[in-house]
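Presented below is the structure to which this report refers.
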Amino acid sequence: MRKVWMAGAALLMAAGAGGAAEQASPYGTWRTPERGGLVEVSQCDGGLCGKILGGAPGAAPEDRLDRNNKNPALRGRPLLGMYIFRGLKPAGGSWKGSIYNPNDGGTYSATVSLKAPGTLEVKGCVVWPLCKTQVWAKVK
């Protein structure tokens, strides 16, 4: 009987560990704090990637375009489906690379870190310490 109990306990612990690992993943859909944006974080280009899935419901048509891009030729492209970061590389518990900010059209040095299950910290820096940090909430 003791062996059966121990085997059952081991299975429960393994299932719990698997569930915790899933919760701690950066992959999935995240809500940004500004304008209710949705970003899908996935694996691509050998690293972490973030693609815009949507914005605030009822957004004005001009808010759906990359109108703040520094390059005038790109100001008419849709934000929906745009990658704001691609191929961020693992760096000691976080991912580093660059991130595009459609709010101002700038590209910045980026660090993306899981701070807790369901919480992703996204930091963009012009140069350290001139940084802005957002905390994204996991949707699914």
Side-chain angles (χ1 to χ4, degrees):
M1 182 68 162
R2 180 181 163 123
K3 287 183 182 180
V4 171
W5 181 86
M6 289 177 64
L11 282 172
L12 286 174
M13 287 179 13
E22 285 179 10
Q23 291 177 350
S25 170
Y27 305 117
T29 303
W30 298 85
R31 182 166 309 282
T32 68
E34 289 185 17
R35 300 191 293 183
L38 289 175
V39 177
E40 177 185 47
V41 176
S42 63
Q43 176 80 25
C44 78
D45 295 345
L48 202 63
C49 296
K51 178 172 65 172
I52 298 174
L53 291 182
E62 62 271 11
D63 288 338
R64 297 180 188 147
L65 300 176
D66 192 16
R67 64 189 170 115
N68 297 317
N69 197 298
K70 305 257 189 260
N71 181 345
L74 297 177
R75 291 182 184 157
R77 71 180 174 172
L79 292 174
L80 191 63
M82 177 189 295
Y83 282 91
I84 56 173
F85 57 85
R86 288 185 77 108
L88 271 61
K89 302 298 181 202
S94 62
W95 294 264
K96 293 187 182 272
S98 61
I99 188 167
Y100 175 71
N101 181 355
N103 293 330
D104 66 11
T107 300
Y108 304 96
S109 172
T111 303
V112 174
S113 309
L114 276 167
K115 292 301 178 184
T119 304
L120 194 67
E121 183 179 274
V122 180
K123 182 190 296 186
C125 300
V126 177
V127 291
W128 191 88
L130 301 175
C131 302
K132 181 178 179 182
T133 301
Q134 287 187 346
V135 176
W136 296 1
K138 195 160 198 174
V139 175
K140 60 179 177 173

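Shown here is Lys70, whose NZ atom has more than 12 heavy atoms of other residues, nucleotides or ligands within 6.0 Å.
Side-chain heavy atoms closer than 4.5 Å link hydrophobic residues (I, L, V, M, F, W, Y) into clusters, and following such links, even through other members, never connects Leu38 to Val41.
A donor-acceptor contact shorter than 3.5 Å is absent between the side chain of Lys132 and the backbone of Val126. Checking side-chain atoms of Asn68 against main-chain N and O of Asn103 turns up a donor-acceptor pair under 3.5 Å. Within the 3.5 Å criterion, the main-chain N or O of Gly37 finds a donor-acceptor partner in the side chain of Thr32. Looking only at distances, a side-chain donor or acceptor of Lys138 sits under 3.5 Å from a matching main-chain atom of Ser25.
Listed by chain and residue number, Glu40 satisfy the salt bridge (charged side-chain N to carboxylate O under 4.0 Å, His left out) test with Lys51 (two or more places apart in sequence, or in another chain).
The nearest pair of heavy atoms linking Ile99 to Gly124 is CG2-CA, 4.4 Å.
Hydrophobic side-chain contacts under 4.5 Å tie Trp128 to no other Ile, Leu, Val, Met, Phe, Trp or Tyr residue.
Atom CG of Asn101 is separated from atom CD of Glu34 by 7.0 Å, given to the nearest 0.5 angstrom. To the nearest 0.5 Å, atom NZ of residue Lys123 and atom CD of residue Gln134 are 13.0 Å apart. Going from atom OG of Ser42 over to atom CG of Leu48 covers 7.5 Å, rounded to the nearest 0.5 Å.
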Name the atoms and distances for all side-chain donor-acceptor pairs under 3.5 Å in residues 71-89, with sequence neighbours left out.
{"residue": "Asn71", "atom": "OD1", "partner": "Ala73", "partner atom": "N", "Å": "2.9"}
{"residue": "Arg75", "atom": "NE", "partner": "Asn69", "partner atom": "O", "Å": "2.7"}
{"residue": "Arg75", "atom": "NH2", "partner": "Asn69", "partner atom": "O", "Å": "3.2"}
{"residue": "Arg77", "atom": "NE", "partner": "Asp66", "partner atom": "OD2", "Å": "2.9"}
{"residue": "Arg77", "atom": "NH2", "partner": "Asp66", "partner atom": "OD2", "Å": "3.0"}
{"residue": "Arg86", "atom": "NE", "partner": "Asp45", "partner atom": "OD2", "Å": "2.6"}
{"residue": "Arg86", "atom": "NH2", "partner": "Asp45", "partner atom": "OD1", "Å": "3.4"}
{"residue": "Arg86", "atom": "NH2", "partner": "Asp45", "partner atom": "OD2", "Å": "3.0"}
{"residue": "Lys89", "atom": "NZ", "partner": "Asp45", "partner atom": "O", "Å": "3.3"}
{"residue": "Lys89", "atom": "NZ", "partner": "Gly46", "partner atom": "O", "Å": "3.2"}

- Hey, mind stepping through Lys96 and Thr111 against side-chain hydrogen bond (donor to acceptor under 3.5 Å, both in side chains) and telling me if it holds? CA-CA 5 Å; Lys96 293 187 182 272; Thr111 303; 3.2 Å; yes

- Message: Test side chain to side chain contact (heavy atoms under 4.5 Å, CB included) on Leu120 and Val135; report intermediate values, then the result.
- Response: CA-CA 6 Å; Leu120 194 67; Val135 176; over 6 Å; no

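Looking at Leu53, Val39, Thr29 one by one, the single match for side chain to side chain contact (heavy atoms under 4.5 Å, CB included) with Val139 turns out to be Thr29.
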